[in-house]
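These numbers were taken from a predicted model, which means no experiment stands behind them. Just so it is clear: chains get the letters A, B, ... in the order the sequence lines come, proteins before strands, and each one is counted from 1.
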Amino acid sequence: MECFSLLRSDVPALIDHLGDFGEVIAPHGKGDVSYSFEVVRDSSDVVLDYNRTLLPLKKMFLPPVEKLIGFSLKNESYEQVDVAIAPRVFFGVHSYEMQSILRLDHSMLSGSAESNYFKRRQSSRFVGISFEPDEFHFSESVGVVIEEMEGFDLFLNEVDDDFQLYVLTDNGQEMLNGFDKINLTEPEIVEGRNFKKKIRYHYNRLPRVFQYAYHSDVWADVASRCVGCGACTLTCPTCFCFDVQDHVEVTAEDGMRQRSWDSCMLSTFAEVAGGENFREKTINRTRHRLFRKFKYITDEEGLPWCVGCGRCTAFCPAGISMPDIVNELIQEDEKAQYHRTVRV
Amino acid sequence: MKPQVAFFDFTSCEGCQLNKLNFENDLLDILKHVDLVEFREAMDDKADHYDIAFIEGSITSPSCVERIHDIRRRSDILVALGSCAVNGGVNAMKNLHPIDDVRETVYGDDKYLFATLPAMAVSSVVKVDYEVRGCPMTQQDFLKLLIALVLGKQPPKYGSPVCVECKLKENECLYNRGMVCLGPITRGGCDAVCPSFGQFCTGCRGILDNPNIDGMLEVMTSHGISLDEAKKRMLLYNSNEVQL
Amino acid sequence: MKRLQDVEHHETEDLYYPTMCKVTGARQITDMEKWYELEMPEGTSLGHSPGQFVEVSAFGIGEAPISISSSPSKNGKFELCIRQVGTLTNVLKNYETGDMMGIRGPFGQGYPMDNLFGKDILIVAGGIGLVPLRSLINYVLDNRKNFGRLIILYGAKTPSELLFTEELKVWEERDDVELHVTVDQPDETWKGNTGVITTLIPSLDLKLNTTIAAITGPPVMYKFVVMSLKSKQLPDDQIYLSLERRMKCGVGKCGHCQINGVYCCQDGPVFNYADIKPLEEAL
Ligand SMILES: Cc1cc2nc3c(=O)[nH]c(=O)nc-3n(C[C@H](O)[C@H](O)[C@H](O)COP(=O)(O)OP(=O)(O)OC[C@H]3O[C@@H](n4cnc5c(N)ncnc54)[C@H](O)[C@@H]3O)c2cc1C
Ligand code: SF4
Ligand code: SF4
Ligand code: SF4
Ligand code: SF4
Ligand code: FES
């Protein structure tokens, strides 16, 4: 693994250079205090120090709203949708975000492998960047450190305000061909980028905590504060649920079948015709969300399905914190264990 | 045969009517699908039967009650348009005050000459088949309903909060900008138009079923407004729906 | 964990494109239910197993999961029976012979036929639950010598809601079918059993080691039927249930059908009771 030094001031030049390998998509400022992944028009607009984007990078592979088929009501026929597969370079991606894409690969490609997702996911390259954890990031607790480079072709690690550029794959090597603003250097370990938010247990122990957490009192407390807006799940990079609906043009002749992101936190998510609702109460839905992140898939795949990006907490109007809930469950579990031992 | 369609106006600001006339090109498309038989007072011939009657405005007087019963009798499908008709809307704010005070404020010393009732949703007087929410309702939403009815399909029902559409558009949440927004408990379908323009949602499309009202008040007050103000905001369009 | 590099392009699927199938027969069989026979294009076959479902669609309206009601032993064509309860199902009500329906599937796990061969089959169908079970019943009847007893318990709210009444008559008359029908609310003409479906269970004489039960009905029914069968000592793993959940994709992607950690559309809709017993959200 080669490592080069790169001046902060030369990063825009690198972004321009990467344009030879596809459309470059990178974080930009959005609104007053937020960020968003956008296509780069001017490399000097790209933001290198950001906490997290509003929507995860998932939106580039599983778009928030996507046309599945177009149809004509007159002819009872439909047309297929061509999913564009131009090469893309994703620049300035945090490690937890990359990990979320790898998890999304599993969700969309295991069982029946979805071609729409596959086509968008193919011919994409990733350039990672380190980040300074804020009060919401807790990815280290779920096994994703700042410098986790799995999935990346190149990785920029900030060292004393400038960068060290790691070359991780052949694609990465290729992307640096002809770029001369870098110099071979020795990799350095960066100290002092500490996570302020933590889950108290190693993630290996969480499935066991969750095994006993189904009837915990914690859920009712969370449910009393949750207003059911769905923000936590709609912004989560590993959530993938969607709804499918048909839309008809004003002419009442043509239309399309669309899917759009959906959320198991919404009260109608598991409701069926006739009124039966299989997760009727907020408490059922809150619990389901956390079990999806720390138990159900984790039991099978051995990894938490939360990457610790902190979006669900940062964007929850009620300030409900994912790691805090987990810590409460841990505390409750410790108490229960204590009582079990004392009785024996 | 094209469905025979009529529009009727009750107590509202008529914002919804205006909205409809803004359709321009789309209006021509709509007219291909329906026969407009009555449009406010503009057309005189009172038909004895309508396939679809669209009702705007809330029911606020005994004569309104009589008139809406009459329309219902002559209509197959009755649709409430706009928040005034759907749940009383802003008009229903007056229900929070004793009715005599309201008459006094509105009509001054003439108050005893006018009969007034609490502002009621059309559905609290007659059966309403479908509704188009919003203040004003959007063209988009109205068209969707009309197309659905023309196709013989159920019009879309909105069971998700405004936040869903807001998130899908990747808006910066107003809560993260220090504002207070009713999006989380408000029925979506407006494409989160207000937050998209930096305005907080005032709840004009009505409150969702089974909302967490206490939780919402807590959210609002913890973002810097008083409990009083929070309640006022919640009631603005929903005095008939929310009990505080 | 499945990785991108493990997947070849040709292994991916266009999951959301329906196949247009021609309606070759349609009949309103009760106030609420319509029966359809469909044909795949160009003589292809659906290739389903009993208990599987398809996603049915009408353009501009939407899609819904519907069980396949015919036996795979019926060649070339397949049958559906749809209750009119909402947007799509009410539009499908107007579909007649010659119309085209969009079909995706077959999806999900049906009955594990290998485990059922040679066994006594006990069918417990509540209301519209007879629709998917009819596929299994007709499969057993078409391969009659491969199975032991065929016991059918069928309950409906009222006599007029009974589905497939002509077939019920045929089954009634066969010596190798034990049919017991009950209604909750009888009318003047009703001469059969009355009461909920569980009232039919206690008097059954079951051979415990060879009986396999297959249950389908409204959500409230399962708990009670399972309780009755348990009180007859039928082992958990000899009970199969077909569960209903909200579904959108049918292929394990949209998340709507999750029951705790399992997917109704992928791991089900037919489940072995022993497998789902620990799941809090299942019954
Ligand atoms: C595996 C399976 C097999 C089924 N088999 C049959 C059958 O053979 N015959 C039959 O009449 N019905 C069957 N149903 C139920 C049928 O799917 C619903 O009645 C139907 O989805 C209602 O659609 P709608 O558009 O008319 O109703 P709406 O209330 O307008 O529903 C809108 C959408 O919500 C979803 N939805 C609503 N209710 C259900 C539901 N009960 N199950 C799953 N998704 C739902 C669907 O995506 C549907 O299109 C089955 C359901 C499942 C899960
Ligand atoms: S659960 Fe929350 S912290 Fe975890 S990945 Fe999803 S949004 Fe990020
Ligand atoms: S973001 Fe917060 S309030 Fe909204 S659904 Fe999630 S937990 Fe509930
Ligand atoms: S701005 Fe309002 S509608 Fe949008 S996400 Fe925030 S609370 Fe919801
Ligand atoms: S955002 Fe809120 S106030 Fe604005 S149109 Fe939508 S529901 Fe009405
Ligand atoms: S129906 Fe979409 S995951 Fe099962």
Side-chain angles (χ1 to χ4, degrees), chain A residues 68-69 71-73 76-78 80 101-103 105-119 121-122 214-215 239-248 252 255 257 259 262 264 268-274 276-279 284 288 291-292 295-297 299-303, chain C residues 1-18 20 55 57-64 83-89 99-102 107 218-220 243-266 280-282:
Chain A
L68 296 177
I69 58 174
F71 51 75
S72 140
L73 294 178
E76 289 185 322
S77 64
Y78 70 93
Q80 308 193 341
I101 299 292
L102 300 178
R103 282 164 177 72
D105 286 350
H106 175 79
S107 304
M108 301 312 287
L109 300 175
S110 61
S112 308
E114 186 192 294
S115 65
N116 293 31
Y117 178 85
F118 182 80
K119 286 180 196 156
R121 180 66 174 80
Q122 249 192 343
Y214 203 81
H215 297 287
C239 281
F240 49 79
C241 291
F242 59 82
D243 189 20
V244 181
Q245 276 181 351
D246 283 12
H247 297 279
V248 180
R257 183 161 292 161
R259 71 165 156 196
D262 204 343
C264 66
T268 52
F269 188 78
E271 193 177 74
V272 296
E276 179 89 21
N277 189 334
F278 293 97
R279 271 189 292 282
N284 307 132
H288 189 70
F291 271 73
R292 294 285 314 163
K295 178 78 179 144
Y296 300 146
I297 314 182
D299 279 348
E300 281 169 29
E301 304 304 326
L303 284 176
Chain C
M1 209 163 87
K2 191 91 170 186
R3 300 187 162 270
L4 182 71
Q5 51 268 32
D6 302 337
V7 181
E8 298 282 339
H9 196 286
H10 69 264
E11 295 170 331
T12 67
E13 294 170 61
D14 292 322
L15 297 172
Y16 311 111
Y17 294 152
M20 301 311 293
E55 283 281 340
S57 70
F59 297 132
I61 315 294
E63 283 189 302
R83 175 176 284 185
Q84 291 120 23
V85 291
T87 314
L88 176 67
T89 48
D99 287 337
M100 303 294 280
M101 251 188 223
F107 294 136
V220 289
L243 299 184
E244 185 183 330
R245 284 298 181 275
R246 189 187 182 95
M247 290 188 182
K248 280 291 171 184
C249 70
V251 289
K253 300 291 176 231
C254 76
H256 278 271
C257 68
Q258 290 159 359
I259 304 172
N260 296 111
V262 306
Y263 281 71
C264 188
C265 74
Q266 294 285 99
E280 305 254 4
E281 288 180 350

Does A:Phe291 have any ring pair (Phe, Tyr, Trp, His ring centres under 6.0 Å) partners at least two apart in sequence or in another chain, and if so, which?
A:Phe210, A:Tyr214, A:Tyr296
With a 4.5 angstrom heavy-atom cut-off, which part of A:Lys119 approaches chain C: side chain, backbone, both or neither?
side chain
If one checks every heavy atom of A:Asp243 against chain C at 4.5 Å, the contacting part turns out to be both
Counting only non-hydrogen atoms closer than 4.5 Å, does A:Ser107 touch chain C with its backbone (N, CA, C, O), its side chain (CB onward), both, or neither?
backbone
Hey, does C:His9 have a side-chain heavy atom less than 4.5 Å from the side chain of A:Phe118?
yes
Less than 4.5 Å to any heavy atom of chain A: does that hold for the side chain of C:Met20, its backbone, both, or neither?
side chain
For A:Arg292 and C:Gln258, work out which heavy atoms get closest and say how close.
CZ-NE2, 3.1 Å
Spell out, as yes or no, whether a donor-acceptor pair under 3.5 Å connects the side chain of C:Tyr16 to the backbone of A:Asn116.
no
Side chain from CB out, backbone as N, CA, C, O: work out which of these in A:Leu303 comes under 4.5 Å of a heavy atom of chain C, or both, or neither.
side chain
Interface moiety of C:Leu4 toward chain A, non-hydrogen atoms closer than 4.5 Å
both
Identify which of C:Thr87, C:Ile61, C:Val85 forms the greatest number of heavy-atom pairs closer than 4.5 Å to chain A.
C:Ile61
Of all of A:Arg103, A:Met108, A:Arg259, which one pairs up most often with chain C through heavy atoms under 4.5 Å apart?
A:Met108
Contact leader toward chain C among A:Arg257, A:Gln122, A:Glu300, where contacts are heavy-atom pairs under 4.5 Å:
A:Arg257
Among A:Ile297, A:Leu73, A:Asn277, A:Asn284, which residue has the highest count of heavy-atom pairs closer than 4.5 Å to chain C?
A:Leu73
Chain C contact via A:Glu114 - side chain, backbone, both or neither, heavy atoms under 4.5 Å
both
Residue from C:Glu244, C:Glu281, C:Glu11 scoring the most non-hydrogen pairs under 4.5 Å with chain A is C:Glu281
Mind checking whether C:Phe59 and A:Phe71 have parallel, tilted or perpendicular rings, split at 30° and 60°?
parallel
Non-hydrogen side-chain atoms of A:Phe278 and C:Arg245 separated by less than 4.5 Å
yes
Could you report the tightest heavy-atom contact between A:Asp246 and C:Gly60, atom names first, then the distance?
OD2-N, 2.9 Å
Interchain contact, C:Pro218 with chain A, by part (heavy-atom threshold 4.5 Å):
neither
Where does A:Arg121 contact chain C at under 4.5 Å (heavy atoms): side chain, backbone, both or neither?
both
Sub-4.5 Å side-chain heavy-atom contact between C:Glu280 and A:His215:
yes
Where do C:Lys2 and A:His106 come nearest, in terms of heavy atoms and distance?
N-ND1, 2.9 Å
Under a 4.5 Å heavy-atom cut-off, does chain A meet the side chain of C:Glu8, its backbone, both or neither?
backbone
With C:Lys253, which of A:Phe240, A:Tyr117, A:Phe242 fulfils side chain to side chain contact (heavy atoms under 4.5 Å, CB included)?
A:Phe242
I need the C:Asn260 CG to A:Arg279 CZ distance, nearest 0.5 Å.
8.0 Å
Taking all non-hydrogen atoms of both residues into account, name the closest pair between A:Cys241 and C:Gly255 and its distance.
SG-CA, 3.6 Å
Heavy-atom distances under 4.5 Å only: say whether A:Gln80 touches chain C with side chain, backbone, both or neither.
both
Please classify the contact between C:Ala64 and chain A as side chain, backbone, both or neither, with a heavy-atom cut-off of under 4.5 Å.
neither
Among C:Pro219, C:Gly86, C:Cys249, single out the residue with the greatest number of heavy-atom pairs under 4.5 Å to chain A.
C:Pro219
Looking only at C:Gly102, C:Ala58, C:Gly62, the option with the highest number of non-hydrogen pairs under 4.5 Å against chain A is C:Gly62
For chain C, which of A:Ala273, A:Gly255, A:Ser72, A:Ser110 has the most heavy-atom pairs under 4.5 Å?
A:Ser110
Go through the atoms of C:Glu13 and report whether side chain, backbone, both or neither lie under 4.5 Å from a heavy atom of chain A.
both
Using ring pair (Phe, Tyr, Trp, His ring centres under 6.0 Å) as the criterion, list what pairs up with A:Phe269, not counting sequence neighbours.
C:His256
Between A:Leu109 and chain C, with a heavy-atom cut-off of 4.5 Å, which part of the residue counts as in contact: side chain, backbone, both or neither?
both
Partner chain A: residue of C:Val7, C:Thr89, C:Val220 with the largest heavy-atom pair count (under 4.5 Å):
C:Val7
